[in-house]
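Hydrogens, waters and symmetry mates play no part in the numbers below; they use all other heavy atoms, side chains included. Residue numbering restarts at 1 for every chain, and letters A, B, ... go by the order of the sequence lines. Not measured: the values here are computed from a predicted model.
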Number of protein chains: 2
Amino acid sequence: MNDSLSPVFAALADPTRRDMVARLTEADATVGELAKPYDVSVQAISKHLKVLEQAGLVTRVAEGHRSPVHLEAEVFELMTKWIERYRQRAEARYRRLDAVLAEMNDETTGRRSRKETA
Amino acid sequence: MNDSLSPVFAALADPTRRDMVARLTEADATVGELAKPYDVSVQAISKHLKVLEQAGLVTRVAEGHRSPVHLEAEVFELMTKWIERYRQRAEARYRRLDAVLAEMNDETTGRRSRKETA
DNA sequence: ATTATCCTCAACCAGATGGTTGAGGATAAA
DNA sequence: TTTATCCTCAACCATCTGGTTGAGGATAAT
């Protein structure tokens with residue numbers, strides 16, 4: 001399976017990681033900067049970053065001493081595509097269902113369908 | 001934190017569950033029907049359904065013997081909202097950054113900025 | 001040259017996750 | 001009534017996950 005989607009969903013399933021992503025939309029940041037607001041060790045944040053990195057959500061270019069973290073927002077589209085595809089499919093189905101129900105209702109009440117009366 | 005998002009992302013981080021969701025956009029289905037295509041026990045699928053259910057992605061109304069599973073597509077919007085918010089924020093930032101870089105380039109090359117020449 | 005800072009790796013731990021098998025309760029069919 | 005079907009619960013297992021602490025390598029600052 002070419003499953004590039006699972007790691008992305010998994011990465012964003014953690015609130016700390018979602019928050020980090022949110023902050024990275026404002027500006028790149030070093031590991032230390034990213035770690036500051038949270039009540040966990042720098043090592044824990046380093047691990048979180050590895051998860052985001054392997055999901056393709058984030059890249060790092062070692063820059064001497066520090067390694068600034070950069071958000072790769074294109075991956076968002078992968079998810080949006082998936083979600084939208086099935087959301088629309090579901091909606092289409094509901095529309096069909098509504099039509100069928102309306103039809104049934106019209107028939108049992110002896111009324112003409114809207115199409116016919118139009 | 002009012003974290004209703006984490007369970008949704010977590011639920012969709014599994015390919016089997018994503019596939020079940022995809023299939024449920026076509027039609028409601030019983031647990032047995034859902035389980036058929038996969039090479040795992042019915043109990044495993046039952047567990048997957050509990051995950052989807054607790055994420056709010058799916059509901060079940062016991063109907064005598066069987067309990068048909070129904071997709072609740074509204075939850076999709078929660079995710080889409082989150083993703084779109086930060087995607088747009090990231091894009092806005094890139095636009096700002098591009099503008100700054102263009103400005104710097106113009107200055108070092110002694111050219112006027114596009115705004116001035118327009 | 002020494003010291004401090006930034007970061008990662010390794011080992012460990014508790015709890016979650018995804019799978020299994022076995023047992024059993026309710027409903028439907030014989 | 002008996003039997004079959006659909007589904008869930010419980011116990012178990014291996015692996016993954018998110019956290020910790022400790023050690024250490026590179027780079028930067030004194």
Side-chain angles (χ1 to χ4, degrees), chain A residues 1 3-24 27-72, chain B residues 1 3-24 27-72 75 79:
Chain A
M1 198 191 303
D3 186 1
S4 49
L5 215 42
S6 294
V8 183
F9 279 113
L12 294 177
D14 184 284
T16 301
R17 284 195 294 257
R18 273 203 310 283
D19 194 59
M20 289 196 269
V21 166
R23 289 171 57 211
L24 285 169
D28 292 359
T30 67
V31 178
E33 286 164 0
L34 277 172
K36 235 163 243 160
Y38 314 113
D39 199 21
V40 297
S41 64
V42 178
Q43 290 95 321
I45 299 299
S46 188
K47 278 193 187 180
H48 279 308
L49 279 172
K50 211 191 306 191
V51 174
L52 290 171
E53 201 169 16
Q54 296 201 322
L57 278 160
V58 133
T59 52
R60 271 179 286 184
V61 197
E63 192 177 84
H65 195 189
R66 308 154 313 133
S67 66
V69 181
H70 177 75
L71 184 68
E72 299 292 337
Chain B
M1 199 193 299
D3 186 1
S4 48
L5 216 41
S6 295
V8 183
F9 278 113
L12 294 178
D14 184 284
T16 302
R17 284 194 295 257
R18 273 204 310 283
D19 194 60
M20 289 196 268
V21 166
R23 290 170 57 211
L24 285 169
D28 292 359
T30 66
V31 177
E33 287 165 357
L34 277 171
K36 234 164 247 161
Y38 313 114
D39 198 23
V40 297
S41 64
V42 178
Q43 289 95 320
I45 298 299
S46 188
K47 277 194 187 179
H48 278 309
L49 279 171
K50 211 191 306 190
V51 174
L52 290 171
E53 199 169 17
Q54 295 200 322
L57 279 160
V58 133
T59 52
R60 271 179 286 184
V61 197
E63 192 177 83
H65 196 189
R66 309 155 311 133
S67 65
V69 181
H70 178 75
L71 184 68
E72 299 292 337
V75 188
M79 272 189 301

- Query: Name the one of A/E53, A/R66, A/H70 that satisfies side-chain contact (heavy atoms from CB on, under 4.5 Å) with A/R60?
  - Reply: A/E53
- Task: Starting from the C-alpha separation in whole Å, work towards a yes-or-no answer on side chain to side chain contact (heavy atoms under 4.5 Å, CB included) for A/K50 and A/K47.
- Result: CA-CA 5 Å; A/K50 211 191 306 191; A/K47 278 193 187 180; 5.6 Å; no
- Is the phosphate of C/dG19, meaning OP1 or OP2, less than 4.0 Å from a side-chain N or O of B/H48? yes
- Closest to the A/V42 side chain: D/dT8, C/dT8, C/dG19? C/dT8
- Query: From A/D19 CG over to A/L24 CG, what is the distance, rounded to the nearest 0.5 angstrom?
  - Reply: 9.5 Å
- Query: Over how many whole Å does the gap from B/D14 atom CG to D/dT15 atom P extend?
  - Reply: 18 Å
- Do any side-chain nitrogens or oxygens of A/S41 fall under 4.0 Å of OP1 or OP2 in D/dG19? no
- For a side-chain contact (heavy atoms from CB on, under 4.5 Å) with B/V69, tell me which candidate from B/L49, B/L52, B/D28 qualifies. B/L49
- Message: Just N and O in the side chain of B/R60: are any of them under 4.0 Å from OP1 or OP2 of D/dC7?
- Response: no
- Task: Write down the atom of A/T16, the atom of A/Y38, and the distance for their closest heavy-atom approach.
- Result: O-OH, 4.0 Å
- When the nearest nucleotide of DNA chain D is assigned to A/A10 and to A/R66 on a heavy-atom basis, which residue is associated with the more 5' position? A/A10
- Query: When only distance counts, do a donor and an acceptor, one from the side chain of B/Q43 and one from the base of C/dG22, lie under 3.5 Å apart?
  - Reply: yes
- Message: With a 3.5 Å distance limit and no angle check, can you tell me whether B/T30 reaches the backbone of B/P68 through a side-chain donor-acceptor pair?
- Response: no
- Could you tell me whether the phosphate oxygens of D/dC9, OP1 or OP2, come under 4.0 Å of any side-chain nitrogen or oxygen in B/K47? no
- Note on the structure: Atom CD1 of B/I45 and atom P of C/dG19 are separated, to the nearest Å, by 7 Å
- Query: Between atom CD in B/E33 and atom P in D/dC7, what is the gap in whole Å?
  - Reply: 8 Å
- Atom CG of B/D19 and atom P of C/dG18: how far apart are they, to the nearest Å? 15 Å
- Task: Grab the OH-P distance between A/Y38 and D/dG18 for me, whole Å please.
- Result: 14 Å
- Task: In whole angstrom, give the distance that lies between atom CG of A/L49 and atom C1' of D/dG18.
- Result: 14 Å
- Query: CG of A/L52 versus C1' of D/dT17: gap in Å, rounded?
  - Reply: 14 Å
- Contact class for B/T16 (heavy atom, under 4.0 Å): base, sugar-phosphate, or nothing? nothing
- Message: Over the length of the helix from C/dA1-D/dT30 to C/dA30-D/dT1, how much do the five-pair end axes diverge, rounded to 10 degrees?
- Response: 20°
- Message: Just N and O in the side chain of B/S46: are any of them under 4.0 Å from OP1 or OP2 of D/dT8?
- Response: yes
- Spacing of A/D39 atom CG relative to D/dT20 atom C1', expressed in whole Å: 13 Å
- Can you see which heavy atom on A/R17 is nearest to which on A/H48, and at what distance? NH1-ND1, 3.1 Å
